[in-house]
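Structure record follows, encoded as C-alpha cells.
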Amino acid sequence: MSIVVTGATGHLGRLVVEGLLEKVPADQVVAVVRDAGKAADLAERGVRLHVADYHRPETLQGAFAAGDKVLLISGSEVGQRVPQHQAVIDAAKAAGVALLAYTSVLGGPAADFTLADEHKATERAIEASGLPYVLLRNGWYHENYTEQLAPVLEHGAVVGSAGGGRVASAARADYAAAAVEVLTGEGHEGKVYELSGDTAWSFEEYAAELTKQTGREIAYGPVPAETHKAILTGAGLPEPFAEILVDVDAAIARGRLAATPGDLSRLIGRPTTPIADSIAAALKG
C-alpha cells in the first residue's frame, strides 16, 4: 500500500509530502507531478515520482494501485478543474484504491460562491464513483492574505468588499497536517471534515494586527464590489479572476467563510495557527 499525493509540488502538496515523510518510509509515498524536475529533491529522498498531465488521462495509468490511499489536491486552473479531477477519480477507481481524499471547500453544497462550483461538482463525482472517500473541506488559508502584503504595506491600506465579514482562516501547514492525519490514520472513510481556523477575524482586525506588527498605520478600507473589481483589474488581474475574488468577498460578507466547527484543530491535535503568527512569518520574509 502506498500513499499517493497529486499536485505534490504545489504549496499544499509539498507540505503534505513533508508531513508524510515524518510518519512513513519514503518509498511508501508517491508524488504525482507534471514536472519531475521540480520534484527532484523528493526523488533524492526516496519518494517515488509519477509524471502525469491531468489533461491527458492516459498519463495517470500506473499512478495508483489497489489498496493505495490517494490525496486529490484540487487543481489550480479554475474552469478546468472538473475534467481534471474526473480523470484522477476514474484512474483511482480503475486501480481499486482503498481511499480517495479530496481537498474541497468549506461548506460543501452550502457554499454559494462561484469558486466553490467546481468543488461541489467534484464532490458529486466522487460520491458517484463508489470509491471509499473522505472530504477535506478546506476553508481559507492565511497565506491568501499574508502572501499579498506588498501592496498593503505600500498603500497603508487593506482594501476589500467584504464589509464587516469575518474569515476563519488557518495556515496552509494546518490543512496539510490534517491531510497527513487522514492519510496515515484509520477510520476516516465516509467522513466529511469542515476545516477552518479556531478563530474568525475581520479585516479591520487584520489591519490592526498589521499596524501593531509593522509600527505603521494600516487601515481597512471597505469599498463597493464594483470599485473593488476596478482596483483589482487596474492592478493587472484578468477581469474573470477579479470577478471571482469580488464574489468571494461577497461570500465573506454573508458569513460563508466564518464557520469555526473545530474539525481542523481536532484532527491535528492542537490549536490552529493564529493569523498573527502568519503575519509575523510573512513580514520576516
Side-chain angles (χ1 to χ4, degrees), residues 10-12 14-15 74-79 105-107 111-117 138-176 195-260 272-285:
H11 293 307
L12 181 63
R14 273 199 169 271
L15 289 172
S74 57
S76 59
E77 298 174 84
V78 177
V105 66
L106 186 67
D112 59 356
F113 45 98
T114 302
L115 200 59
D117 290 347
N138 289 356
W140 247 221
Y141 300 161
H142 291 334
E143 290 84 356
N144 291 347
Y145 302 103
T146 60
E147 290 179 352
Q148 310 297 327
L149 284 181
V152 172
L153 298 178
E154 178 184 353
H155 298 290
V158 174
V159 178
S161 51
R166 305 182 77 82
V167 181
S169 61
R172 188 180 282 122
D174 295 337
Y175 295 105
L195 305 179
S196 62
D198 294 334
T199 303
W201 49 267
S202 70
F203 287 94
E204 185 174 358
E205 291 166 347
Y206 178 63
E209 184 61 33
L210 286 171
T211 297
K212 177 182 176 182
Q213 294 200 30
T214 63
R216 300 166 53 186
E217 186 62 35
I218 308 292
Y220 171 45
V223 296
E226 283 304 314
T227 303
H228 189 193
K229 177 182 171 182
I231 291 170
L232 294 172
T233 54
L237 288 185
E239 185 171 341
F241 187 52
E243 290 175 345
I244 286 173
L245 295 181
V246 172
D247 184 58
V248 166
D249 267 23
I252 291 172
R254 295 193 301 273
R256 291 305 190 190
L257 292 170
T260 56
T272 60
T273 305
I275 182 70
D277 288 8
S278 290
I279 290 173
L283 291 173
K284 288 179 182 177

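Here the closest non-hydrogen pair linking T214 and L210 is OG1-O, 2.7 Å. Here the closest heavy-atom approach between residue A111 and residue V105 is recorded as CB-CG1, 4.1 Å. Here the closest heavy-atom approach between residue T260 and residue A168 is recorded as CG2-CB, 3.7 Å. Residues A258 and A200 come closest through the heavy atom pair O-CB, 3.8 Å. A pairwise comparison of heavy atoms in F203 and A162 identifies CE1-CB, 3.7 Å as the closest pair.
Between the T233 side chain and the E239 main chain, no donor and acceptor come within less than 3.5 Å of each other. Between the side chain of S196 and the backbone N or O of A259 there is at least one donor-acceptor pair closer than 3.5 Å. Checking side-chain atoms of H142 against main-chain N and O of T273 turns up a donor-acceptor pair under 3.5 Å. With R216 contributing its side chain and L153 its backbone, the two residues share a donor-acceptor pair below 3.5 Å.
Residue pairs satisfying the salt bridge (Lys or Arg N to Asp or Glu O under 4.0 Å) criterion with at least one member in residues 159-173, sequence neighbours excluded, are listed as follows: E147-R172, R166-E205.
By the 4.5 Å heavy-atom criterion applied to side chains, V223 and V159 are counted as neighbours. Using a 4.5 Å heavy-atom threshold, the side chains of L12 and Y141 count as touching. Between I275 and Y145, every side-chain heavy-atom pair lies at or beyond the 4.5 Å cut-off.
In this structure, CG on L15 lies 10.0 Å from CG on D174, to the nearest 0.5 angstrom. Between the OH atom of Y220 and the OG1 atom of T211 there is a distance of 14.5 Å, given to the nearest 0.5 Å. Atom CG of L232 and atom CZ of F241 lie 9.0 Å apart (nearest 0.5 Å). One distance of note links CD1 of I244 with OG1 of T114; it measures 6.5 Å at 0.5 Å rounding. In this structure, the separation between CG on L149 and CD on E143 is 11.0 Å, given to the nearest 0.5 Å.
The side-chain contact (heavy atoms from CB on, under 4.5 Å) with L115 is formed by just one residue from the set V78, L245, D247; it is V78. When each of E226, H228, K229 is tested with S161 by the rule side-chain hydrogen bond (donor to acceptor under 3.5 Å, both in side chains), just one qualifies, namely H228.
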Please table the atom pairs, donor to acceptor, closer than 3.5 Å between any side-chain atom in residues 278-285 and protein atoms at least two apart or in another chain.
none

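Among residues two or more places apart in sequence or in another chain, the salt bridge (Lys or Arg N to Asp or Glu O under 4.0 Å) test is passed with E154 by none.
The aromatic rings of W140 and F113 sit perpendicular to each other, their planes meeting at more than 60°, with 30° as the lower class boundary.
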